[in-house]
Structure formats: C-alpha cells, structure tokens
Engineer: 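Could you have a look at this structure, given as structure tokens, before my questions?
The figures here come from the full heavy-atom set of this structure, side chains too, leaving out hydrogens, waters and symmetry mates. What you see is a predicted model, and the numbers here were worked out from it, not measured in a lab. The chains referred to below are lettered A, B, ... by the order of the sequence lines, with proteins before strands, and numbering in each begins at 1.
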Amino acid sequence: MTALSGFLLSQWYDLRDLGNPVRALIDWINGWGDGTTFHWVGYIVAGLIGAAAIGLFLGIAMLSLIWIERKAVSRIQIRYGPNRTGPFGLLQPVADALKLMQKEALTPLAGDKIVFWLAPVVIFIPTLLVFGVLPFGPKMTAANISVAVLYIVAIGSATPLVIFMAGWSSNNKYSLLGAMRGIAMAISYEIPMVLSLLGVVLFTGHMDLNGIVQWQQKYHVWLIVLQPLAALTYFISASAELNRTPTDIAEAESEIVAGYHTEYSGMKFGLFYAVELGNALAVSGIWATLFFGGWWLFGLDRWIPAWLIFLGKMYILYGALIITRGTLPRLRIDQLLDFAWKFLLPLALVNVLVVALEVTIWQENGISAGIVLPVFAVVNILLSVVLVVGYVQSFGFARRQRPRRARLITDTLAAMPQ
Amino acid sequence: MTLELTGERVVARINELLPDAHAEAVGKSVYVPAESLLAVCEALRDDADLRMQHLTSMTAVDYVTHFETVYHVQSLAKNHLAVLKCRIDERDDPEIPSVVSVWYGAQLQEREVYDLFGIRFAGHPDLRRIFLWEGFAGYPLRKDFLQIAAGAQHPGLPHFPKQEQGFGVLTGPNWTAPPSHES
Amino acid sequence: MSGVGPVSAFYVLAVLSIGSALMVMAARSIIHAVLFLVLFFVSLAAMFVLLSADFVAVAQLLVYAGAIGVLVVFAILLTPSREQRGMETKFVGPGLLAGAVVAGTVIFIAFNTNWPTASNDFPSTVDAIGQALLNRWALPFEIASVLLIAAMIGAIVIVGGRGVDLDPGAAGPSARLVRRER
Amino acid sequence: MTIQTEPFIVNIGPQHPSTHGVFRMRVVLDGEKIIDADMVVGYLHRSLEKLAEERTYTQNIPFTDRMDYLSAMSNNLGYCMAVEKLAGIRVPERGQYLRVIMAELQRIANHSMAIGTFINDCGAWQTPLMWMFAEREKILDLFEMTCGARLTCNYMRIGGVAFDIPDEFLPAVNGLLDDLPRKIDEYEKMLMENEILIARARGVGTIPRDLAISASLTGPMIRGCGIPFDIRKADPYAVYDRFDFAIPVGENGDSYDRFLVRMAELRESVKILKQAVPALPGGPYKVDVPLSIRPPIGDAYARVESPKGELGYYIVSDGGTAPYRFHVRAPSYINLSVLREMVIGASVADSIVSLGSIDIVIGEVDR
C-alpha cells in the first residue's frame with residue numbers, strides 16, 4: 001500500500017497537481033522523432049488540453065453554481081429552493097439548460113441580427129480567457145503569462161463592449177439603457193479595481209498570478225492581512241462589474257426589465273446567465289489567488305491536491321457573492337458611480353501610496369521580512385479600519401439624524417393640519 | 001364619526017358666501033347649478049367654517065332624463081362631509097365645469113367620468129379617455145349603451161390608431177379620432 | 001519567428017487584422033465600423049503576443065479595445081441618430097489620394113529603415129518598461145500625466161454645470177408628451 | 001454651447017416587472033432623467049360598474065373581491081356597508097367583530113405584500129418579498145380555514161358575514177398574534193435600518209403636504225405626508241371606535257415615509273387584533289337578509305379604510321334588486337393622480353421606487 005502510494009505520488013501522474021501528467025504527455029510528444037520535429041504537435045496538444053480543461057471545468061462549475069446559488073439564495077429567503085428534479089434538486093441545472101435549449105430563440109425584427117447573434121457568443125470569450133491564467137495549482141495554469149494581473153484587467157475591460165453590442169443590437173430602449181448603464185459603471189469601477197491590483201503588484205513585485213501565490217507561500221502569509229484595503233476595494237469593484245444584485249443596474253430587473261439582455265431568449269439568454277455565473281466564479285478565483293493564497297494553504301497543500309484547495313477557496317468566496325446578492329437592495333446608478341469615485345477611488349489611492357512607502361522602506365533598508373511584515377500587517381489593518389469607518393461615517397449616504405420610525409398619533413383630529 | 005352635513009346647513013353657508021349661487025338642498029345633498037359649481041366649490045374649500053379641502057369621491061349617475069355629477073367633499077380638520085350634486089340636462093354633449101383647479105384629485109376621476117359617461121369637463125387640463133381607447137364608440141356607463149343594435153356596430157376603432165399617422169404619440173388633444181362607422 | 005505554429009498564427013492574424021481594418025471603412029453602419037475597429041485592435045494585440053511583447057499586447061487590449069472602443073461607442077450613442085447613417089461622400093478621390101500617400105510613406109520607411117534585429121532571448125518586457133518609465137523617462141511620464149489630468153479637468157469644466165436644457169413643460173397635468181420630431 | 005439631446009420615449013409597462021400588473025407609464029427620458037410622464041391604464045378594465053348594474057346586490061359581492069385582489073376582505077366590507085347603509089340594516093355584534101378581525105388580518109397581509117414588493121422594486125433580490133410572503137401565507141391560511149378561499153374570499157354578506165369561524169380559527173389567530181410582533185421587530189431591524197434602502201427611498205417621490213390633500217390622497221400616501229387621516233379614526237365604522245390604536249404618520253411624504261407608515265401599521269393592526277379577538281362576543285354573526293334585497297330608492301356612500309386608502313362605494317338604488325348605479329372610489333386609482341408629480345425630474349430607478357411606494361393594484365385601478 002505504502003509502496004503503491006509512494007509510486008503514485010512520485011510518478012508523473014501525481015494527482016496533487018494535474019499539471020504533472022499533462023507535462024509528461026507533452027514531453028513524450030516532444031520526444032517523438034529526433035526531438036524537435038514534432039514540437040508543433042505538442043504545441044497544439046497542449047493548447048487543446050488547456051482549452052478542453054477550462055471548457056470542461058467551466059461547464060461543470062456553471063451547472064454546479066446554478067444549483068448552489070439557487071439553493072443558497074432560497075435558504076436566505078426561507079424557502080427550499082429546487083428540490084424536485086433529482087435528489088436535492090441536483091438535476092435542476094440540467095433541466096434548466098434543457099429547457100433553455102428547447103426555447104425559441106427570438107431575434108428582434110428591427111435589431112441588428114448579426115451583432116445580436118454574436119454578442120452572447122463573444123461575451124463568453126473574456127470569461128474563458130480569464131480562467132486561462134488562473135493558477136489551479138503550482139503547474140496548473142493553462143497560460144502562465146508574466147503580466148497576468150494586467151491581462152485580467154484588460155480582458156475585463158472588453159466586457160462592456162459586448163454588453164453594448166447586446167444592448168444596441170436588440171433595438172430595445174430598455175436594452176440600450178441597460179447597455180449605457182453597464183458601460184458607465186464598468187468604466188468607473190475599472191479604476192479602483194486597477195488601483196487595488198496595483199497595490200498587490202507593488203507589494204509582491206510580481207505580475208503573474210503564480211508568482212503572487214508563491215510570494216505568499218514564501219512569506220507564509222495571506223495577502224489579505226497585508227493588503228486589507230486592496231482586498232476590500234477589489235472585491236467591491238470587481239463584484240460591481242459582475243452585474244449581480246447590489247450593483248446590477250445594467251440589468252436591473254425592476255427598472256429596465258433585464259437591461260441589455262431583455263430581448264434574448266432561449267439558449268442565448270442562457271449564455272448570458274452562464275457568463276454571469278462564470279464571471280462571478282472568476283472574480284472569486286482571482287480574489288482567492290491574490291488575497292487568500294491561491295492553491296497554497298499553510299503547508300497543507302503538500303497533502304491535499306492544490307487544485308482542491310483552490311477550488312474550495314473559490315467556492316467559499318463565491319459564497320460571499322451569494323450573500324451580498326441575497327441580502328442587499330440595488331443602488332441607483334448615480335449612487336453607484338458616486339461610490340466608485342468618492343469612496344473606492346480615494347481608498348485605493350491611499351492604499352497605493354501606503355504600499356509604495358512600505359515597499360520603499362522595506363527594500364531600501366533591507367529589513368528582514370520577519371520583522372517588517374507583521375508591522376505592515378498591523379499598520380495596514382488599523383489604517384484600513386480607520387479609513388473605512390471614518391469615511392463611511394462622513395460619507396454615509398444618508399444623514400444619521402433622521403426618524404427611523406413613523407410617528408404614532410392617537411388623537412387624529414387634533415393633529416390634522418387646519 | 002364624520003359628521004354628514006345636511007343640505008340645509010351647507011346651502012345656508014353657500015348662500016352667505018355666494019348669494020346668487022342658487023344652491024338648493026335635497027336631503028343630505030346640495031344641488032348646485034353648473035354655472036356656479038366652480039365658484040361654490042372654491043368657496044367651500046376656502047371657507048374657514050367648512051374647509052372642504054378634500055374631494056373624497058367624484059362620480060356621475062345617468063338618470064336617463066339627465067346626468068348628475070356627485071361630489072363627496074370633506075374637511076379633514078373639521079371632520080365633516082358634504083355631498084354636492086350637479087344636474088346636467090343635456091344628453092348629446094353634456095358639459096360641466098371641471099373642479100380640477102379646486103381639487104387636484106378630481107383630475108383622474110373626471111377623466112373616468114368623461115370616459116364612461118361622455119360628460120365633458122370644461123377647463124380640465126388633460127381630458128382624455130382613460131380606461132377605453134380614444135375612438136371607442138359610445139360611453140359604456142350610460143344607460144342606453146347596450147341599446148346599440150347588436151350587429152349594427154361594434155364599439156371600437158375601425159383600425160389601429162397608429163395606422164395612418166406614421167408614428168409617435170398619437171393620443172391626446174391634437175389627435176382626432178378617425179371617422180367611425182356611423183357616418 | 002519560426003515553426004509551424006507561430007507562422008500559421010501570424011498569417012491568420014494578418015488576414016484578420018487587415019480584413020477588419022478594411023471592413024472599418026467598408027461597413028455601412030457606424031456601429032459595425034466601431035466593432036470592426038475593436039476587432040482590429042484585438043488582432044493587433046494578438047500580433048504583439050506573437051512577438052513576445054506581453055505588456056504591449058495587454059496594454060493594447062486595455063487601452064484601445066477597452067477604453068478607446070468604449071469611448072467611441074459612447075460618443076456615437078450620444079450623438080443624434082441622423083448623423084449615424086453611412087452616406088456617400090464626395091471625398092472618395094482625395095481620400096484615396098491621401099491614403100495612397102500615407103501607404104507609400106509607410107512602405108518606404110518600412111523598407112528603408114535599418115531595423116535592429118531582436119535577439120531571440122526576450123527578457124520580461126514589463127520590467128524593462130517599468131524601469132524605463134520610472135527612471136530614465138520619469139519626468140516626461142509625469143509631465144504627460146499632469147497634461148492628461150489638465151485635459152480631464154478641462155473636459156469636466158466644459159461639460160459640467162451645463163445641464164441639458166430641455167423644457168420639462170408646464171408643471172401640473174397641463175403639460176403633455178412632446179411629439180417626437182424627425 | 002448647449003448639448004442637444006433627443007428626448008426618448010419609453011413605455012414602462014404594460015408588461016414590466018415593476019408595474020404590478022398591466023399598468024403602463026409612458027415616460028419621456030432625457031438620458032436617465034424623466035422629463036415627462038403619463039400613465040396609461042385600462043388594460044385590466046372589466047367594466048365592473050356596468051356589470052354590477054345587471055346583478056343583484058348579493059351577486060355583486062364577489063365582484064368586489066376581484067378589484068383589489070390583495071385585500072378582498074376590505075373590499076367586501078365596504079360594499080356590504082354601503083348596501084346596509086342604503087337598506088338600513090344593523091349588523092349584529094359578532095358579525096361586526098368578525099369583520100374587523102378579517103379586515104385587520106387582511107391589512108397585515110396586504111401591507112406585507114406591499115412592503116415586500118416595494119423593496120423588490122428598490123432592487124432587492126426577492127429576499128424581503130419572500131420573508132413577507134411567509135407572514136402573508138399564514139394569514140391566507142386563516143382565510144382559507146374560514147371561508148375556503150385564500151385570495152378572493154367573498155366572506156362578508158349584507159347583514160354580517162357568510163359563515164361563523166371554525167373552532168380552530170381563534171387558537172390559530174392567537175398563535176399568529178404571539179408570533180407576529182417578534183417577526184415585525186425582526187423585519188424592522190433588517191429593512192428599516194438598511195443603508196441602501198434609505199439611500200434609495202429617502203427623498204424619492206416626495207409629495208408636498210398641500211398637494212396630498214388637494215389630490216385626494218388617502219391611506220399610507222397621505223399619512224406618509226404627516227396627515228393622520230384614517231377612516232377608522234375619522235369615521236369609525238364597524239366597531240373600530242372600541243379599540244385603542246394609533247395612526248402612524250411620516251414626516252416628509254417621501255417613499256421611505258410611506259414604507260415606515262406601512263411598517264408601523266402592521267404593528268397597529270396587531271394591536272387591534274389583540275383587543276378584538278378576546279372581546280369577540282357570541283350571538284348571531286349575521287342577520288337574515290333576503291338574497292335579492294330591494295333597498296329603498298336613494299343613494300348611499302359608505303367608505304372603509306382599505307389597506308390602500310379610502311375605499312368608498314357610492315350606490316344608487318331605484319328600488320329594484322340590482323343597484324342602479326354602483327361606483328367604487330378606488331384608492332389605488334386616485335392615489336395615482338400624483339404619479340406625474342412624483343416622477344418628473346427623477347431618474348427611471350427613482351420612478352420605479354415611487355410607483356412601488358404607491359402600492360397600486362391594477363385590478364382596483366381599472367376595475
């Protein structure tokens with residue numbers, strides 16, 4: 001038994017990292033012929049495996065997320081949620097998908113048909129591309145590019161354009177309003193998002209996600225401790241771009257029906273729905289990678305497969321998104337933009353300044369990390385608490401001194417205006 | 001308990017305020033001639049004694065020989081209620097002054113009466129049909145509405161309102177109903 | 001740039017970028033033109049990836065596809081619709097002439113410049129760019145940022161405070177829906 | 001230099017998630033700002049007033065259920081009171097108490113729904129709606145227990161109520177009454193203190209006090225403006241004058257105040273119920289009234305405080321078995337007359353909040 005497990009763990013199909021078997025396969029292909037002629041086969045096979053893995057993962061993840069989200073939200077809403085299809089309603093997502101596929105795919109007569117058809121397809125691309133750089137394990141990154149953080153931002157910045165495509169081509173006023181709102185919001189929230197990511201990049205000196213995880217592994221600390229402000233601003237601004245409830249102004253159901261995807265039906269709507277979930281998952285994945293150590297879990301990753309740790313973190317953080325969705329009412333667009341420009345942006349700027357100072361102090365003086373990191377952690381946490389609480393107090397949307405209860409009148413006639 | 005003012009009481013007050021209003025009391029209600037309706041309503045609203053600030057309900061009744069509009073007005077401060085009625089003898093094109101300038105709340109109720117009884121309210125800022133569409137033939141709450149011979153004409157538009165005039169908002173005072181089948 | 005993969009990728013991208021650039025001109029609808037423009041930006045970014053210029057590629061995507069594309073879209077949405085329709089222009093001749101001159105110049109430069117050959121060993125471009133921007137070119141960088149901020153504030157001053165002037169009509173129920181003119 | 005923009009006409013409704021039925025608001029937008037608004041109703045017009053002229057007085061009771069289908073009991077009550085006033089019928093004590101109990105339960109059910117949908121209109125993802133539904137559900141169970149129907153109860157009769165309550169009704173009501181205050185506390189804590197809700201609803205759809213009076217507003221709409229006008233106090237019907245309760249009023253007349261008023265009214269209704277249920281007397285629950293009653297010639301106007309406001313019935317009798325004229329003063333409809341004032345100048349999002357705070361039911365607007 002020990003021999004078997006030792007063999008398993010030492011061999012290329014070590015399941016702690018699924019990158020190992022793939023690497024072995026590619027190496028084997030590359031070894032064909034004289035060792036260089038068939039490199040292009042390896043090139044293509046590697047690409048195909050990466051794409052297939054992401055596609056498969058996303059497919060399963062989205063199906064599971066539909067169920068998880070519906071179930072969790074229904075618990076918040078004191079109801080049972082799906083419980084008829086399959087055990088615990090587990091087959092509900094499948095049923096949903098089947099239903100959507102069977103539905104008629106309507107195309108507005110006066111709309112722009114090509115763009116209308118293209119939008120739900122194109123909107124999938126950024127989601128897929130983001131998952132391409134997420135490190136599921138030490139060697140489990142489909143594309144380990146050196147500017148991954150910037151890449152994520154760049155990919156995300158393409159989404160508003162697709163939203164616009166969907167909204168404009170529907171030739172529906174609600175859709176157009178939704179598209180305009182979506183673009184305005186995406187532009188505003190990109191700035192605090194980039195700035196909060198800048199804090200992380202400055203602190204770690206890495207722009208590739210694996211490097212950031214390894215940095216956290218090296219100093220044995222999660223970045224949320226060192227960068228609480230960045231974690232907060234990133235979470236808020238990234239989740240704002242997801243079009244989920246507190247910030248779903250682009251598809252605000254009660255105002256503009258469904259925003260940019262009002263006119264979509266059938267599987268085209270299903271794609272938008274899936275992308276929304278996929279993006280939410282991507283954001284929680286990025287959040288987990290940047291601020292919660294990614295696949296690393298205080299040495300436990302030696303025994304637990306790294307990808308399991310990462311998936312666990314990702315799903316737990318996704319829970320935070322579900323809770324915000326289930327509990328908060330929507331903000332108005334001007335309040336949302338105010339929030340981005342007047343609350344998140346200053347906080348993110350302060351964070352960048354503080355990080356720059358700290359990194360300079362650390363690097364220039366060559367102080368050992370053991371001393372400097374705990375100090376930074378305490379300072380940053382205190383600073384972020386003070387800043388957030390103080391700012392909320394002074395910025396607060398509504399003033400404090402307002403009646404929060406209705407006045408009760410027993411003698412109505414006397415209280416009538418004369 | 002809201003005091004339901006008797007007709008005499010209200011008429012006495014009206015006669016004090018407006019001697020030539022010719023209001024006349026019948027039981028609990030006050031019959032006001034259409035010519036002095038607006039003046040009476042305004043006086044009742046502004047009178048410190050009655051303070052009829054709140055138009056509770058406004059409707060009309062078709063008595064076949066004549067129409068009657070009924071106004072239930074009340075004072076929140078004094079907690080009393082009076083019933084004003086106004087008789088319209090004309091049937092083909094009944095018209096009566098609008099009280100929207102006195103009570104803003106009459107706006108929708110007068111539109112409803114116009115829609116269902118065909119009583120025109122002179123001075124109403126926005127007199128359009130509300131439940132039925134412009135061009136609906138007949139006024140359903142009139143007692144003779146069902147007497148349209150079956151098959152002779154279906155109430156309704158001969159065609160959709162947008163059919164001829166291009167596009168845009170086509171209901172409203174600038175839009176005239178297309179000629180109906182009757183002619 | 002050798003090997004089957006990169007070469008085939010290059011040709012695909014070349015066709016894509018030139019094709020989309022042509023379609024920008026040929027598209028009748030201005031929105032389609034913008035979308036083709038964005039496609040062109042994206043294929044150019046992919047081209048940079050092929051040249052191992054990660055940072056430039058991502059910046060291209062971020063700035064051009066993300067920001068400029070969205071800005072152009074916004075500008076189009078905010079202009080009245082009658083100016084959006086593609087129309088025949090009488091400037092075909094001069095346009096062609098100007099295009100030919102520009103193309104000729106570019107081709108001339110391309111063939112007559114002594115392009116330095118890149119080494120095969122690419123260091124991380126991000127590091128180099130970061131060092132260059134914050135050490136050697138720190139002053140121009142800062143001046144550019146100040147200039148941009150000035151432009152931004154200027155734009156806000158020009159636009160802000162001058163709300164759209166539309167008569168909401170008389171208050172009360174007398175105001176009516178405005179008839180849409182065309 | 002002025003920026004030229006084109007106004008943009010948007011039809012909010014008739015099929016829109018937030019119009020609570022087939023209501024249509026035609027707005028002219030400048031960007032997101034509403035510069036003009038107009039309402040279009042009538043999609044659900046069933047010509048109730050005409051239909052009623054063809055049916056006997058008793059046959060008309062089920063029609064009233066279908067007006068404000070969220071508060072059928074109050075609708076029944078108002079109609080029966082009008083006919084009783086016309087015919088001079090006195091309802092026995094027990095019938096009066098049962099009517100009050102049912103009307104107050106209905107008020108709780110309706111306000112739960114109103115608050116839930118209002119917060120839904122503010123953009124919450126159905127959570128408050130579901131919570132409020134849980135409470136409403138229990139009350140509908142009580143109705144089902146009493147008269148077999150949950151929504152369109154058809155429970156009141158001219159001269160009393162249709163049936164006596166079953167034995168298990170009172171324990172169930174008492175259980176509910178013990179439970180409700182705690183739940184209301186919970187909801188108040190969750191909803192009224194919510195910063196986003198305050199930001200969304202405060203100062204939105206503000207109605208000046210004099211406009212509120214002039215525009216004949218009633219119910220939570222006028223009470224939100226600080227005017228304690230409530231028929232139960234001003235013109236007590238049934239046995240409301242025997243109970244001790246207060247009228248909650250708001251301060252500024254904005255959407256948030258209307259929400260506060262509804263929230264506080266839940267509590268006041270519980271208070272009334274807690275007094276009415278133990279005091280429920282024995283005896284007959286209705287007087288015998290012929291099915292085709294012929295009230296004397298004349299007219300009568302009776303009104304009740306329905307959850308939406310003053311629900312008045314104006315009935316003219318010609319001495320026959322059917323009303324000569326049957327008019328309903330529908331609170332939702334008349335409350336809509338300030339819609340234009342509320343939404344002009346606001347954004348689309350705010351207009352939805354304003355509309356949600358009126359608490360319209362299209363069945364009642366169109367009748």
Engineer: With distance as the sole criterion, is a donor-acceptor pair present between the side chains of B/Q107 and D/R340 under 3.5 Å?
Structural biologist: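 B/Q107 vs D/R340: no donor-acceptor pair found between side chains.
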
Engineer: Are the side chain of D/Y333 and the backbone N or O of B/L108 linked by a donor-acceptor pair below 3.5 Å?
Structural biologist: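 Flag set: sc D/Y333 to bb B/L108 pair under 3.5 Å.
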
Engineer: Under a plain distance cut-off of 3.5 Å, with no hydrogens placed, do B/T59 and D/R325 share a side-chain donor-acceptor pair?
Structural biologist: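 Per modelled atom types, D/R325 and B/T59 side chains form a pair under 3.5 Å.
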
Engineer: Answer yes or no: is there a side-chain heavy-atom contact under 4.5 Å between B/N79 and D/K233?
Structural biologist: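 Sidechains of D/K233 and B/N79: no contact.
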
Engineer: Look at atom CZ of D/R55 and say whether more than 12 heavy atoms of other residues, nucleotides or ligands are closer to it than 6.0 Å.
Structural biologist: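 More than 12 heavy atoms, drawn from other residues, nucleotides or ligands, come within 6.0 Å of this atom.
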
Engineer: Mark yes or no for whether D/S214, through its side chain, and B/Y104, through its backbone, hold a donor-acceptor pair below 3.5 Å.
Structural biologist: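 Judged by distance alone, yes, a pair lies under 3.5 Å.
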
Engineer: Using 0.5 Å steps for rounding, measure from the OG atom of D/S216 to the NE2 atom of B/H72.
Structural biologist: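 One finds 13.0 Å between OG of D/S216 and NE2 of B/H72.
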
Engineer: Looking only at heavy atoms, what is the nearest atom pair of D/Y314 and B/V70, with distance?
Structural biologist: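 Heavy-atom minimum between the residues: OH-CG2, 3.5 Å.
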
Engineer: Quick test of your reading of the model: are D/D299 and B/K28 salt-bridged, counting only N-O distances below 4.0 Å?
Structural biologist: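 Looking at D/D299 and B/K28, the cut-off is not met.
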
Engineer: Does any backbone or side-chain atom of D/L336 lie under 4.5 Å from a heavy atom of chain B? Answer side chain, backbone, both or neither.
Structural biologist: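 Its backbone and side chain both get close to chain B.
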
Engineer: Less than 4.0 angstrom from a charged side-chain N to a carboxylate O is my criterion; do B/E112 and D/R329 meet it?
Structural biologist: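 Salt bridge: no.
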
Engineer: Relative to chain D, which of B/L116, B/V61, B/L81 shows the most heavy atom pairs under 4.5 Å?
Structural biologist: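 Going by pairs under 4.5 Å, I would pick B/V61.
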
Engineer: Among the options D/H327, D/E310, D/E53, pick out the one with the most heavy-atom pairs lying under 4.5 Å from chain B.
Structural biologist: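 Winner by heavy-atom pair count: D/H327.
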
Engineer: So, taking the atom named CD1 in D/I213 and the one named CZ in B/R51, what distance separates them when rounded to the nearest 0.5 Å?
Structural biologist: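 Answer for the CD1-CZ pair, D/I213 versus B/R51, is 8.0 Å.
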
Engineer: Side chain of D/Y324, backbone of B/D62: donor and acceptor closer than 3.5 Å?
Structural biologist: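 Pair found, side chain donor or acceptor close to backbone of B/D62.
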
Engineer: Heavy-atom distance under 4.5 Å to chain B: side chain of D/V41, backbone, both or neither?
Structural biologist: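 Both parts, backbone and side chain.
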
Engineer: Just wondering, more than 12 heavy atoms not from D/R46 lying within 6.0 Å of its CZ?
Structural biologist: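 Above 12, so yes.
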
Engineer: Distance from B/H54 atom NE2 to D/I222 atom CD1, nearest 0.5 Å?
Structural biologist: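 These two atoms lie 4.0 Å from each other.
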
